[in-house]
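Written out below as structure tokens is the structure these notes cover.
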Amino acid sequence: MTEHIDFAGYKIEIRRRPYQNRLGLAVYPNGVIRISANKTLSQKHIIKFLEEKRSWIEASLKEVEEFRKNYPPKRFVEGEVYPFLGRDYTLKFSPELGAPLQFDGHLLRVRVPMENLEHHHRQRHFETLKKSYKQTAKKLMLQRVDIYSQKMDLAPTGIQFRCQRSIWGSCSAKNKISLNWKLIIAPLEIIDYVIVHEIAHIKHKNHSRRFWDLVEKYVDNLEAHKAWLKTHHYKGDFLSPQSELWPDIPTSL
Ligand SMILES: [Zn+2]
């Protein structure tokens, strides 16, 4: 059973580890506050540490609350808003649609037969939607990698798509690039920035001045793009197999 303590009205989870020397503290997107501590450390010590960190905890919880308010769990109902390539689309069920889904003006039309609206059907259609997002993302990102690897004259040895929590992209020692396909919700210039960033790592395996100089040759408004990624961190959370913001709701439905 997990050890808990109450602190200033918050329920704090304590994880004991035999080799944990320093105290660890984390506030998770779902509002869970967790302390990692050594097996032998007294609760008195832990409370003293929490007192020191109280304002940080409160600020983090406020941030979490803001994220959860901005990104409520998806229910796959008409009228719900879905982001795609930096624009918001309103979900509309269109039984007669030729394709499984289609972006049409400000609408995201999804082919859902009207007799198929009970919970388990909606879940299946929601999974189809996520799959379409993934396929579109892969196709588009491969094209953008091609464009920029030609422009920059740097070619990755391979490309991999992932759905990570907090990593947008990476470049391995062997110059294999990995991209987070959830980025498909972002404007194209943000996707391009992440791609240029990872391609630039083929040449510079660090974040040195020379690395950023290379990135800035191909990307305008660099700081604005970095800020966008930070503030919109959870915008694509609904695409994850398990939502981080709403983990208690299976597949966000
Ligand atoms: Zn980097």
Side-chain angles (χ1 to χ4, degrees), residues 22 24-30 34 36 56 59-60 63-64 66-68 70-71 83-87 130 133-245 247:
R22 291 178 58 190
L25 171 64
V27 173
Y28 290 92
N30 57 357
R34 186 180 291 150
S36 315
W56 182 85
S60 304
E63 200 179 67
V64 158
E66 196 67 15
F67 277 134
R68 282 162 72 101
N70 288 341
Y71 307 115
F84 179 76
L85 280 176
R87 285 182 62 193
K130 290 207 260 187
Y133 262 76
K134 188 177 179 178
Q135 283 164 354
T136 312
K138 282 183 172 181
K139 208 172 140 194
L140 178 94
M141 286 174 171
L142 281 174
Q143 287 170 359
R144 304 310 286 178
V145 170
D146 264 356
I147 291 172
Y148 282 100
S149 65
Q150 278 182 36
K151 275 192 190 179
M152 297 167 77
D153 199 19
L154 292 166
T157 54
I159 300 160
Q160 199 178 18
F161 292 95
R162 293 190 187 169
C163 185
Q164 289 143 307
R165 284 168 177 236
S166 53
I167 299 169
W168 297 119
S170 61
C171 177
S172 75
K174 290 183 176 160
N175 298 329
K176 194 169 174 181
I177 282 177
S178 151
L179 296 167
N180 191 331
W181 65 263
K182 281 192 290 181
L183 270 175
I184 194 66
I185 52 91
L188 188 61
E189 62 263 31
I190 303 285
I191 298 174
D192 284 351
Y193 156 60
V194 173
I195 287 172
V196 169
H197 183 122
E198 300 316 333
I199 293 178
H201 276 317
I202 296 174
K203 196 161 180 186
H204 304 287
K205 296 269 181 288
N206 50 44
H207 292 120
S208 61
R209 189 61 251 172
R210 290 212 317 236
F211 166 81
W212 288 115
D213 284 346
L214 177 60
V215 171
E216 285 192 287
K217 270 192 197 167
Y218 302 94
V219 177
D220 296 325
N221 302 322
L222 187 62
E223 292 310 316
H225 295 346
K226 286 191 207 169
W228 194 97
L229 285 170
K230 233 177 171 173
T231 37
H232 296 82
H233 186 93
Y234 291 100
K235 209 175 165 76
D237 180 61
F238 71 97
L239 293 171
S240 305
Q242 180 69 64
S243 163
E244 266 185 272
L245 291 173

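Each residue takes its place number in the sequence, starting with 1. Here the structure is a predicted model, which means the values were calculated and not measured. Counting convention: from 1, in listed order, for ligands and their atoms alike.
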Parallel, tilted or perpendicular: ring planes of His207 versus Trp212, cut at 30 and 60 degrees: parallel
Pairwise distance CZ(Arg165) to NZ(Lys182) - rounded to 0.5 angstrom: 8.5 Å
Residues Asp213, Arg209: salt bridge by 4.0 Å N-O rule: yes
Nearest heavy atoms of Ala186 and Ile191, plus distance in Å: O-CD1, 3.8 Å
Ring centres under 6.0 angstrom apart (Tyr234, Phe67): yes
Protein N, O or S atoms lying under 2.8 Å from the Zn ion (ligand 1), listed by chain and number: His197 NE2, His201 NE2, His207 NE2
Reference residue Trp168; test ring-ring contact (aromatic ring centres under 6.0 Å, His included); the match among His232, His233, His225: His233
